[in-house]
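Take a look at the structure set out below.
Computed from a prediction, not measured in an experiment: that's the story for all the values here. Computed from heavy atoms alone, side chains included, the values below leave out hydrogens, waters and symmetry copies.
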Amino acid sequence: MNTLLPRIEIESAPQPTAAVIWLHGLGADGNDFAALVPELDLTACPPIRFVFPHAPSMPVSLNGGYVMPAWYDIFGADLVSRQDAAGIQKSGRAIAALIDQEVARGIAPERIVLAGFSQGCAMALHTGLRYPKRLAGLLALSGYLPLADTLSTERTDANADTPIFMAHGSMDPVVVPARGEASRDLLARLGYPVQWHSYPMQHSVHPREVADISVFLANVLKQHPDAA
């Protein structure tokens, strides 16, 4: 078994009974979204362990081979005409290992949310929809579904009805809205319950989006009836 990805962990309260694994975008690291935790309204949520892994550094073709944190290589600005399947699959295994780690620590998979922004969004969708155990939900922010043509044969029944929160900026120049909308439409055709949110922003996070994420987390991580 390979070593787990390095990561930042933040617990919203002691003895967490739920987890959110949050994947950063290209060129960032786990610190990028760790700062968002205090902005979330978690009053309706159980204690959560937030896990923010750091992607490994690699040369990125789109950026002239410059070495930076990346989940996989990107060959062109359209993101989908040529894809780094091997890199996506390798990172998918590393992210699945983080989910397995939370399960080993006592958190049931159906109490785990996989989240991601941009390239991290792509990895959250890729990994979550193929994960063999039911997850609580997927947070897909300002990204797209990679390797879409293989999803129908590789997806698992366990996550066929897992709630998916998709958010996109209406003026996003990095992952253009049409790319996110095409992923949304494909997921809907495959029967996934997609919640689509559009915000007046570019490639970033909107204050209203933070509030909507808080509501989503509360809905999918509801306390068990017998919880204290």
Exercise for review: Assess whether salt bridge (charged side-chain N to carboxylate O under 4.0 Å, His left out) is satisfied between Glu110 and Arg134, documenting all intermediate values.
Suggested key: CA-CA 5 Å; Glu110 63 268 20; Arg134 173 66 151 81; over 6 Å; no
**Study point:** Listed partners of Asp29 passing side chain to side chain donor-acceptor pair (under 3.5 Å), at least two apart
**Key:** Asn31
Study note, to complete from the structure: Between the NE2 atom in His206 and the NE2 atom in His197, the distance rounded to the nearest 0.5 Å is 13.5 Å
Point to revise | Nearest-0.5 Å distance, SG of residue Cys45 to CG of residue Leu40 | key: 8.5 Å
Exercise for review: Ignoring hydrogens and angles, tell me if any N or O in the side chain of Ser118 forms a donor-acceptor pair with the backbone of Gly25 under 3.5 Å.
Suggested key: no
Revision key, fill the gap. Rounding to 0.5 Å, atoms CZ (Phe52) and CD1 (Ile8) come to a distance of 7.5 Å
Study note, to complete from the structure: Only residue of Thr150, Thr156, Asn159 satisfying side chain to side chain donor-acceptor pair (under 3.5 Å) with Arg130 is Thr150
Practice item. Rounded to the nearest 0.5 Å, what's the gap from CG on Leu187 to CG on Leu151? Could you check? Key: 6.5 Å
Review point. Between the side chain of Arg111 and the main-chain N/O of Lys222, is any donor-acceptor distance below 3.5 Å?
Key: yes
Check your understanding: Is there a donor-acceptor pair under 3.5 Å between the side chain of Trp71 and the backbone N or O of Gly87?
Key -> no
Review point. Does a sphere of radius 6.0 Å around CZ in Phe75 hold more than 12 heavy atoms from other residues, nucleotides or ligands, not counting ones at 6.0 Å or beyond?
Key: yes
Exercise for review: Kindly indicate whether the side chain of Lys133, heavy atoms from C-beta on, has any atom under 4.5 Å from the side chain of Ile99.
Suggested key: no
Check your understanding: Checking Arg184 side chain against Val194 main chain: does a donor-acceptor pair fall under 3.5 Å?
Key -> no
Review point. Going from CD1 on Ile48 to OG1 on Thr17, what distance comes out if it is rounded to the nearest 0.5 angstrom?
Key: 8.0 Å
Review point. Is there a donor-acceptor contact under 3.5 Å from the side chain of Arg49 to the main chain of Gln15?
Key: no
Check your understanding: Which residues pass the side chain to side chain donor-acceptor pair (under 3.5 Å) test with Thr153, sequence neighbours left out?
Key -> none
Check your understanding: Is Val215 reachable from Val37 through a run of I, L, V, M, F, W or Y residues, each pair having side-chain heavy atoms under 4.5 Å apart?
Key -> no
**Study point:** Which residues share a salt bridge (charged side-chain N to carboxylate O under 4.0 Å, His left out) with Asp41, sequence neighbours left out
**Key:** none
Review point. Should Val205 and Met171 be counted in the same cluster of Ile, Leu, Val, Met, Phe, Trp and Tyr side chains packed under 4.5 Å apart?
Key: no
Check your understanding: Just by distance, with hydrogens left out, do Asp172 and Tyr199 show a side-chain donor and acceptor under 3.5 Å apart?
Key -> no
Exercise for review: Inspect the surroundings of CG in Asp157 and state if more than 12 heavy atoms from other residues, nucleotides or ligands are less than 6.0 Å away.
Suggested key: no
Review point. Where is the tightest heavy-atom contact between Pro47 and Pro14, given as atom of each residue plus distance?
Key: CB-O, 3.7 Å
Check your understanding: Which residue pairs satisfy the side chain to side chain donor-acceptor pair (under 3.5 Å) criterion with at least one member in residues 136-149, sequence neighbours excluded?
Key -> Tyr72-Tyr144
Check your understanding: According to a 4.5 Å side-chain heavy-atom criterion applied to Ile, Leu, Val, Met, Phe, Trp and Tyr, with indirect links allowed, do Val174 and Val176 form part of one hydrophobic cluster?
Key -> no
Exercise for review: Kindly say whether Val175 contributes a backbone atom to a donor-acceptor pair with the side chain of His168 at under 3.5 angstrom?
Suggested key: yes
Point to revise | CD on Gln119 to CG on Asp73, rounded to 0.5 Å | key: 9.0 Å
Study note, to complete from the structure: So ring-ring contact (aromatic ring centres under 6.0 Å, His included) across residues 81-127, not counting sequence neighbours, yields Phe33-Phe117, Phe117-His203
Review point. Sub-3.5 Å donor-acceptor pair from the side chain of Thr127 to the main-chain atoms of Ala124, do we have one?
Key: no
Revision key, fill the gap. Test ring pair (Phe, Tyr, Trp, His ring centres under 6.0 Å), reference Phe165, set Trp196, Phe216, Tyr192, output is Phe216
Practice item. For atom CZ of Arg82, decide whether the heavy atoms of other residues, nucleotides or ligands shown that lie under 6.0 angstrom number more than 12. Key: no
Exercise for review: Step by step, work out the side chain to side chain contact (heavy atoms under 4.5 Å, CB included) result for Ile112 and Val20.
Suggested key: CA-CA 6 Å; Ile112 298 174; Val20 177; over 6 Å; no
Practice item. Please tell me if the side chains of Leu129 and Leu138 come closer than 4.5 Å, counting only heavy atoms from C-beta onward. Key: yes
Practice item. Would you please name every residue forming a salt bridge (charged side-chain N to carboxylate O under 4.0 Å, His left out) with Arg105, sequence neighbours left out? Key: Glu9, Glu102
